[in-house]
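Structure record follows, encoded as structure tokens.
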Amino acid sequence: MAALQSVRGTHDLLDDAVRRHRFVEETAFAVARRYGFGEIVTPIFEFTEVFARTLGDTSDVVTKEMYSFTDRSGDSLTLRPEGTAGVARAFVSNGLAQSLPLKLFYRGPMFRHERPQKGRQRQFHQVGVEVLGVESPLADIEALALAWRVLDALGVADVVTLEINTLGDGDSRAAYRDALVAYLSDFRDRLSEDSRDRLERNPLRILDSKDEGDRAIVADAPRMADSLTPAARDFFAEVTGGLEVLGIPFTVNPRLVRGLDYYCHTAFEFTTDALGAQGTVLAGGRYDGLIAQMGGPKTAGIGWAAGIERLAMLTARTPDPARPVAVIPMGGGDLAGLKVAEDLRAAGLAAEMGFSGNLKKRLARAADRMNARFAVILGEDEGSRGAALVRDLDTGTQDEVPLASLAAWLRERPPSGR
RNA sequence: GCGGGAGUAGCUCAGUCGGUUAGAGCGCUAGAUUGUGGUUCUAGAUGUCGGGGGUUCGAAUCCCCUCUCUCGCCCCA
């Protein structure tokens with residue numbers, strides 16, 4: 001291993017990257033709050049069974065991507081690869097069935113041992129929401145509306161498309177799976193190697209194979225829609241109908257399948273073609289059986305998760321950092337300058353000191369690097385009158401302001417955007 | 001996990017018949033200039049040439065291994 005470097009697939013966030021990251025996170029939560037969501041924070045690691053049991057034995061996440069380790073007590077623990085399992089576990093652990101319905105927002109790091117690519121890291125970050133205890137498709141519609149509003153608030157709604165499908169209820173899914181396997185088995189020899197494997201483990205996944213040959217075979221395969229029970233069909237119709245009422249654009253993609261076992265009924269993905277191979281930016285679906293499967297009371301659930309890094313790469317809107325006041329002491333009065341800066345900070349203003357170079361250079365730095373709106377010049381002349389010279393770096397005008405009222409003066413003139 | 005491409009200063013890169021002390025631009029630091037703006041000028045600092053091994057009198061340059069990034073597959077946010 002060369003010198004000092006971060007672990008493969010992990011990255012430091014610096015300056016702009018941090019700001020973009022937080023912007024995505026805060027924007028998502030701000031919008032979620034408008035929909036009545038509260039925040040939940042769960043540990044970033046759990047007992048391995050929490051993930052193994054909920055995600056399904058056949059999923060790639062469980063079979064080859066988990067960061068698992070044995071701790072000093074001999075327990076097998078795993079860094080969370082996704083958020084829903086932990087939230088579901090917390091729901092059961094804390095007896096939250098008493099508090100239904102619940103609308104929960106979460107954010108934080110996730111870990112998957114995958115080969116890194118652009119938009120794919122081993123430690124990445126998600127924001128996500130879960131709605132628990134609402135069986136009605138209204139919850140699906142609201143969750144999708146929230147997703148749409150978040151993407152819109154981030155300024156990425158126009159480069160993203162919503163694809164949606166139904167996986168049906170348990171009966172629908174079992175019937176469809178049988179029909180699909182029966183059909184595909186006839187073409188077994190012509191399927192790609194990957195898909196022959198999928199035929200055993202997860203036949204639905206063959207539907208969205210990228211292999212040309214597979215696609216030709218799949219084109220004539222039986223369709224999920226034909227296997228849906230009337231109830232499942234009605235459910236999906238209500239979801240799509242709701243999206244139309246709310247004016248949220250979408251396309252039905254009958255081949256859309258979700259990777260994790262716990263999904264049923266509604267499945268959806270917001271994708272973009274601006275990110276290379278990792279086009280999915282936000283995805284989720286309904287998981288009515290999950291909590292019961294974990295040993296809790298039968299509880300409906302729907303949720304989604306979005307990749308913060310992927311969204312951060314898409315969003316052009318990064319808010320500028322707050323513009324500070326630049327305090328520039330002259331005549332060697334550095335400590336006096338520090339005192340003035342300290343008073344401004346105590347009054348709630350952002351203040352930075354400009355120490356080095358002559359006045360000309362200090363002003364240039366204040367305007368350029370610090371992006372300050374005002375420079376407070378502490379000169380000897382003004383100092384003798386108990387005042388400072390405040391220069392507006394945007395307009396070039398300056399006023400002499402008594403030190404006693406400096407903070408109040410500045411507060412009346414909040415720094416505008418860059 | 002599989003297959004392709006790439007790694008030289010903080011950033012973008014030049015450096016290929018193997019040949020002294022490895023370069024440029026930008027950025028950084030300081031000065032010109034302790035009292036008025038992003039320009040300019042001058043000076044300066046910084047590299048285990050991703051890491052390890054090998055070939056050679058001599059390796060940033062050729063060979064092997066490895067690490068990381070990147071593109072695609074698998075899969076996913």
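Naming convention: chains lettered A, B, ... in sequence-line order (proteins, then strands); numbering from 1 in each chain.
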[X] side chain: which of [options] is closest?
X: A:F124; options: B:C71, B:A77, B:C74; answer: B:A77
X: A:D194; options: B:G37, B:C73, B:C75; answer: B:C73
X: A:R120; options: B:C76, B:C74, B:U36; answer: B:C74

Shorter than 3.5 Å, N or O on both sides, protein versus nucleotides 27-30 of chain B: list them out with atom names.
unit_1: B:C28; atom_1: OP1; unit_2: A:R369; atom_2: NH2; d: 3.1
unit_1: B:U29; atom_1: OP1; unit_2: A:R369; atom_2: NH1; d: 3.3
unit_1: B:U29; atom_1: OP2; unit_2: A:R365; atom_2: NH2; d: 3.4
unit_1: B:U29; atom_1: OP2; unit_2: A:R369; atom_2: NH2; d: 3.4

Gap in Å between the two [atom1] atoms, one belonging to [N] and one to [M], rounded:
N: B:U66; M: B:G1; atom1: P; answer: 12 Å
N: B:U39; M: B:C49; atom1: P; answer: 34 Å
N: B:C73; M: B:C17; atom1: P; answer: 39 Å
N: B:C63; M: B:U56; atom1: P; answer: 16 Å
N: B:U48; M: B:A60; atom1: P; answer: 14 Å
N: B:U16; M: B:C69; atom1: C1'; answer: 24 Å
N: B:U70; M: B:C28; atom1: P; answer: 27 Å
N: B:C64; M: B:C26; atom1: P; answer: 39 Å

For [X], answer base if it contacts any base atom (sugar-phosphate contacts may also be present), sugar-phosphate if it contacts only those atoms, and nothing otherwise; contact means non-hydrogen atoms under 4.0 Å.
X: A:L393; value: base
X: A:I308; value: nothing
X: A:G396; value: base
X: A:E269; value: nothing
X: A:D392; value: base
X: A:A367; value: base
X: A:E309; value: nothing
X: A:E193; value: nothing

Determine which nucleotide pairs with [N], using a 3.5 Å limit on both distances of a Watson-Crick or G-U wobble pair.
N: B:G72; result: B:C2
N: B:U29; result: B:A43
N: B:U34; result: none
N: B:G7; result: B:C67

Residues [X], [Y]: salt bridge by 4.0 Å N-O rule:
X: A:E342; Y: A:R345; result: yes
X: A:R385; Y: A:D381; result: no
X: A:D399; Y: A:R413; result: no

TODO: Report the residue from A:L314, A:T161, A:T271, A:V156 that forms a side chain to side chain contact (heavy atoms under 4.5 Å, CB included) with A:V281.
DONE: A:L314
Open item on the list: Going by side chain to side chain contact (heavy atoms under 4.5 Å, CB included), A:L290 matches just one of A:T84, A:L132, A:V87. Which one?
Closed with: A:T84
Please tabulate, one pair per line, each protein N/O and nucleotide N/O from nucleotides 2-7 of chain B that are separated by under 3.5 Å, including the distance.
unit_1: B:C2; atom_1: N4; unit_2: A:R115; atom_2: NH1; d: 3.1
unit_1: B:G3; atom_1: O6; unit_2: A:R115; atom_2: NH2; d: 2.9

Separation of [X] atom [atom1] from [N] atom [atom2], in whole Å?
X: A:Q5; N: B:U66; atom1: CD; atom2: C1'; result: 11 Å
X: A:L14; N: B:C11; atom1: CG; atom2: P; result: 11 Å
X: A:R122; N: B:A77; atom1: CZ; atom2: P; result: 18 Å
X: A:M313; N: B:A77; atom1: CE; atom2: P; result: 15 Å
X: A:E380; N: B:U36; atom1: CD; atom2: C1'; result: 15 Å
X: A:K360; N: B:U40; atom1: NZ; atom2: P; result: 12 Å
X: A:D16; N: B:C11; atom1: CG; atom2: C1'; result: 14 Å
X: A:R198; N: B:C73; atom1: CZ; atom2: P; result: 12 Å

- [ ] Please confirm whether any donor atom in the side chain of A:Q117 sits under 3.5 Å from an acceptor in the base of B:C76, or the reverse.
- [x] no
- [ ] Report yes or no: is there a donor-acceptor pair, N or O only, under 3.5 Å between the side chain of A:Q398 and the base of B:G35?
- [x] no
Task: A:R8 or A:L359, whichever maps to the more 5' nucleotide of RNA chain B - done: A:L359
Open item on the list: A:R107: which residues meet the salt bridge (Lys or Arg N to Asp or Glu O under 4.0 Å) condition with it, sequence neighbours left out?
Closed with: A:E25, A:E26, A:E39
- [ ] Mind checking salt bridge (Lys or Arg N to Asp or Glu O under 4.0 Å) for A:E352 and listing every partner two or more places apart, or none if nothing turns up?
- [x] none
Task: Set of residues satisfying ring pair (Phe, Tyr, Trp, His ring centres under 6.0 Å) with respect to A:H113, sequence neighbours excluded - done: A:Y67
Open item on the list: Run the side chain to side chain donor-acceptor pair (under 3.5 Å) test on A:R188 and A:S185 for me, step by step, so that the C-alpha distance in whole Å, both residues' side-chain angles and the decisive distance to 0.1 Å come before the verdict.
Closed with: CA-CA 5 Å; A:R188 185 186 179 80; A:S185 294; 5.8 Å; no
Task: Close side-chain approach of A:H11 and A:E309, heavy atoms under 4.5 Å - done: no
Open item on the list: Between A:I302 and A:V134, is there a side-chain heavy-atom distance shorter than 4.5 Å?
Closed with: no
- [ ] Check whether any side-chain N or O of A:K210 sits under 4.0 Å from OP1 or OP2 of B:C74, and answer yes or no.
- [x] yes
Task: With A:V218 via side-chain contact (heavy atoms from CB on, under 4.5 Å) - residues at least two apart - done: A:I206, A:L207, A:R255
TODO: Answer yes or no: is there a donor N or O on one side and an acceptor on the other, between the side chain of A:D214 and the main chain of A:L191, under 3.5 Å?
DONE: no
